[in-house]
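These notes are about the structure you will find just below.
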2 protein chains.
Amino acid sequence: MTKLEVVPPSVDRLERVSLGDRVHTALRDRLMGGELAPGQKMSLRSVAESLGVSMMPVREAVARLVADQSLEVLPNRAVRVPLMTKARFRELTRVRLVVEGFAAEEAARSRQDSDVAAMRDCEEAFEAEARKAAPQAELAVRSNKELHFAVYRATGLPTLVGIIEGLWLQIGPVLNLDLKLSPDRLQTGGAAEQHRRLVAAVEAGDAATARDALVKDIEGAARFIESTGRLLD
Amino acid sequence: MTKLEVVPPSVDRLERVSLGDRVHTALRDRLMGGELAPGQKMSLRSVAESLGVSMMPVREAVARLVADQSLEVLPNRAVRVPLMTKARFRELTRVRLVVEGFAAEEAARSRQDSDVAAMRDCEEAFEAEARKAAPQAELAVRSNKELHFAVYRATGLPTLVGIIEGLWLQIGPVLNLDLKLSPDRLQTGGAAEQHRRLVAAVEAGDAATARDALVKDIEGAARFIESTGRLLD
DNA sequence: GCAGCCTAACTGTGATCACAGATCGCCGCA
DNA sequence: TGCGGCGATCTGTGATCACAGTTAGGCTGC
């Protein structure tokens with residue numbers, strides 16, 4: 001784990017960002033990026049030391065992540081990335097289908113030109129990575145996430161984006177760990193195709209197709225992950 | 001603000017609940033109950049003193065509430081209940097319609113007998129309070145909330161319930177403050193009627209009607225609150 | 001050589017101290 | 001009497017200390 005970047009004081013002035021916020025962001029990125037696998041334990045002191053801060057900001061960041069179930073504290077008081085059971089995975093997937101499906105519809109209705117441009121960039125980056133003979137899972141994961149959130153941000157509903165972020169934070173470790181262990185899913189899965197449909201539909205303002213593409217994208221990934229048998233229970 | 005209740009040690013053993021958790025719950029209840037009005041400032045030290053704990057657990061609880069925007073920290077570092085603008089209110093209402101509407105549908109599909117019983121109790125309590133000549137806003141607010149969440153819990157999707165709790169935490173101060181200032185809304189508004197429709201539809205497994213009743217309930221309240229002109233912007 | 005106990009290290013939690021920045025009020029001056 | 005500036009106080013944030021509970025490893029005894 002790398003040290004936290006030292007941000008210029010000017011940025012620090014404009015938008016009060018505490019050390020706790022920075023630690024929170026750092027941990028969040030690692031969770032969403034699949035760098036922290038389900039079941040992995042962590043201690044406040046070790047995280048603090050590796051990030052070059054005291055235990056205090058880490059406590060705050062971890063408390064927030066525990067609050068929205070991105071991390072969990074065992075009865076032994078140990079902190080770890082939650083394990084994913086089949087039941088929890090299916091529940092999260094169902095909620096995602098509703099919430100993100102609505103977001104896709106709404107994005108098709110409200111998108112601005114700048115949103116479409118951002119989506120196109122991410123979509124090309126994802127497709128370029130997926131088409132490689134030996135795709136780098138990390139890059140694919142990142143551009144996949146960026147593409148989805150470019151769509152969600154196009155809704156103009158920050159509350160909705162926040163909710164979806166919470167869902168990704170919970171399901172991210174599994175999604176991305178899975179992608180790292182089975183990089184071939186990038187080719188076999190229809191992710192790229194649904195992404196193309198999604199972007200085109202949002203750009204055309206076709207809400208129904210946008211939702212359908214997103215739903216198929218989520219369902220395809222969920223089916224694949226369930227088929228690997230790596231989920232508990 | 002009252003002191004935190006001393007819970008029996010047995011409960012404390014079963015489910016590790018830290019002081020920070022208790023402070024969080026205490027503040028959450030006050031926010032959802034409308035005891036803390038939008039714009040109201042609070043200091044960590046004063047909250048800590050009034051709850052009889054040190055500043056430490058309060059910091060953790062407030063950090064969590066700030067994280068999900070139930071509280072906000074101003075550039076001056078002051079902590080307060082966020083003000084509600086018309087734009088934010090409408091955004092929250094739109095998201096609520098989607099998420100809680102889905103929850104109502106799902107509750108109609110998955111409800112158990114015990115869920116229906118809990119809903120009926122809350123519905124009767126609400127109606128009894130609303131029918132009084134001088135209804136106590138606090139009791140009505142409480143049973144209204146309990147009724148809604150009895151429905152949401154009937155979905156069997158704790159993730160969804162958590163999301164809705166986050167939404168209520170943000171919109172609660174306005175909803176409930178409004179009800180306190182305009183207790184006559186209990187009679188004039190069609191809340192009781194939609195509640196009856198909602199409970200009956202969930203019990204009958206009629207998803208479409210359940211959603212419709214809930215949507216009309218939310219929309220009715222939203223219309224009333226917008227009409228009072230107490231929102232900013 | 002192996003099993004069991006006991007200690008030492010490590011865990012999160014809470015309290016206290018330290019500090020920089022903002023705010024408000026009081027005092028002095030015109 | 002009114003205005004301006006300065007200081008005391010209060011704010012959140014970060015660090016450090018203290019502590020109880022757990023865990024894991026090493027040592028002792030069989």
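These numbers come from the heavy atoms of this one structure, side chains and all, not from hydrogens, waters or symmetry mates. Here is the naming used below: chain letters follow the sequence lines, and residue numbers restart at 1 for every chain.
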(request) Tell me which nucleotide among D/dT13, D/dA15, C/dG14 gets nearest to the side chain of B/Ser18. (result) C/dG14
(request) Can you sort out the partners of B/Arg88 under side chain to side chain contact (heavy atoms under 4.5 Å, CB included), two or more places apart, ordered by chain and number? (result) B/Gln69, B/Pro82, B/Met84, B/Thr85, B/Leu92, B/Gln170
(request) Identify, with sequence neighbours excluded, every residue that meets salt bridge (Lys or Arg N to Asp or Glu O under 4.0 Å) alongside B/Arg90. (result) B/Glu226
(message) My understanding is that only residues two or more places apart in sequence, or in another chain, count here; which of them pass side chain to side chain contact (heavy atoms under 4.5 Å, CB included) with A/Val98?
(response) B/Phe102
(request) Using side chain to side chain contact (heavy atoms under 4.5 Å, CB included) as the criterion, list what pairs up with B/Ala222, not counting sequence neighbours. (result) B/Phe89, B/Thr93
(request) Please work out which residues in residues 55-63 of chain B have a non-hydrogen atom less than 4.0 Å from an atom of DNA chain C and list them by number. (result) B/Met56, B/Pro57
(request) May I have the distance from B/Leu19 (atom CG) to C/dT16 (atom C1'), rounded to whole angstrom? (result) 16 Å
(request) Can you tell me the distance, in whole Å, between the CG atom of A/Asp21 and the C1' atom of D/dG12? (result) 12 Å
(message) I need the full list of ring pair (Phe, Tyr, Trp, His ring centres under 6.0 Å) pairs touching residues 154-178 of chain B, with sequence neighbours left out, sorted by first then second residue.
(response) B/His148-B/Trp168, B/Phe149-B/Trp168
Can you give me every donor-acceptor pair (side chain of residues 32-44 of chain B, partner residue at least two apart or in another chain, under 3.5 Å) with its distance?
unit_1, atom_1, unit_2, atom_2, d
B/Ser43, OG, B/Ser46, N, 3.0
B/Ser43, OG, B/Ser46, OG, 2.8

(request) Find out whether A/Leu214 and A/Val151 are in side-chain contact, i.e. whether some heavy atom of one side chain is under 4.5 Å from a heavy atom of the other. (result) no
Would you tabulate the pairs of protein nitrogen or oxygen atoms and nucleotide nitrogen or oxygen atoms of nucleotides 9-11 of chain D closer than 3.5 angstrom?
unit_1, atom_1, unit_2, atom_2, d
D/dT11, OP1, B/Ser43, OG, 3.0

(request) Rounded off to whole Å, could you give me the CD-to-P distance for the B/Glu72 and D/dG12 pair? (result) 14 Å
Show me, pair by pair, the donor-acceptor contacts under 3.5 angstrom made by side chains of residues 157-164 of chain A, not counting sequence neighbours?
unit_1, atom_1, unit_2, atom_2, d
A/Thr159, OG1, B/Glu91, OE2, 2.8

(request) Report the residues that fulfil side chain to side chain contact (heavy atoms under 4.5 Å, CB included) with A/Arg109, sequence neighbours left out, ordered by chain and then residue number. (result) A/Glu105, A/Glu106, A/Ala207
(message) Please report the distance, rounded to the nearest Å, between CG in A/Leu51 and P in D/dG14.
(response) 13 Å
(message) Tell me whether B/Arg64 contacts the main-chain N or O of A/Ala67 through its side chain, where contact means a donor paired with an acceptor under 3.5 Å.
(response) no
(request) Note the angle between the end axes of the helix from C/dG1-D/dC30 to C/dA30-D/dT1, five pairs defining each, rounded to 10 degrees. (result) 30°
(message) Can you list everything that forms a salt bridge (Lys or Arg N to Asp or Glu O under 4.0 Å) with B/Glu100? Sequence neighbours excluded, please.
(response) B/Arg96
(request) Find the distance A/Leu65:CG to C/dG12:C1' and express it as a whole number of Å. (result) 16 Å
